[in-house]
Amino acid sequence: MAMNVDPERQRRLRELADLHARWQATHRVDDVDFTPEGADSAQRRSPSAQAQREYMRQAREIMGLDPDTGHYRDAE
């Protein structure tokens, strides 16, 4: 059975995936394999709070949400 997915939703999800890939590459989030023991924690740096906020802002815009609040925008 084929799924009927809204083309606009597909476009937004592709754009969001691209944003995420660029952001990870820029902030080198996945440079080191995760170990539950935390052995690599000294080598890993978290992105700045500002970088994380900017990512969320862009992701919200892509998904059609208000970039500041994350709430759905009123239909225009």
Without placing hydrogens or testing angles, list every side-chain donor-acceptor pair under 3.5 Å for residues 58-65, not counting sequence neighbours.
residue	atom	partner	partner atom	Å
Gln58	NE2	Glu54	OE2	3.0
Arg60	NH1	Pro67	O	3.3
Arg60	NH1	Asp68	O	3.3

Should we count CD of Gln50 as having more than 12 external heavy atoms under 6.0 Å? no
Return the minimal non-hydrogen interatomic distance between Trp23 and Ala51, and the atom names on each side. NE1-O, 3.3 Å
Can you measure from CG (Leu19) to CZ (Arg14) and round to the nearest 0.5 angstrom? 15.0 Å
When you look at CZ of Arg9, are more than 12 heavy atoms from neighbouring residues, nucleotides or ligands closer to it than 6.0 Å? no
Salt-bridge criterion met for Glu15 and Arg12 (N-O under 4.0 Å): no
Using the ring of each side chain (for Trp, its six-membered ring), is Tyr55 parallel, tilted or perpendicular to His20, with breaks at 30° and 60°? perpendicular
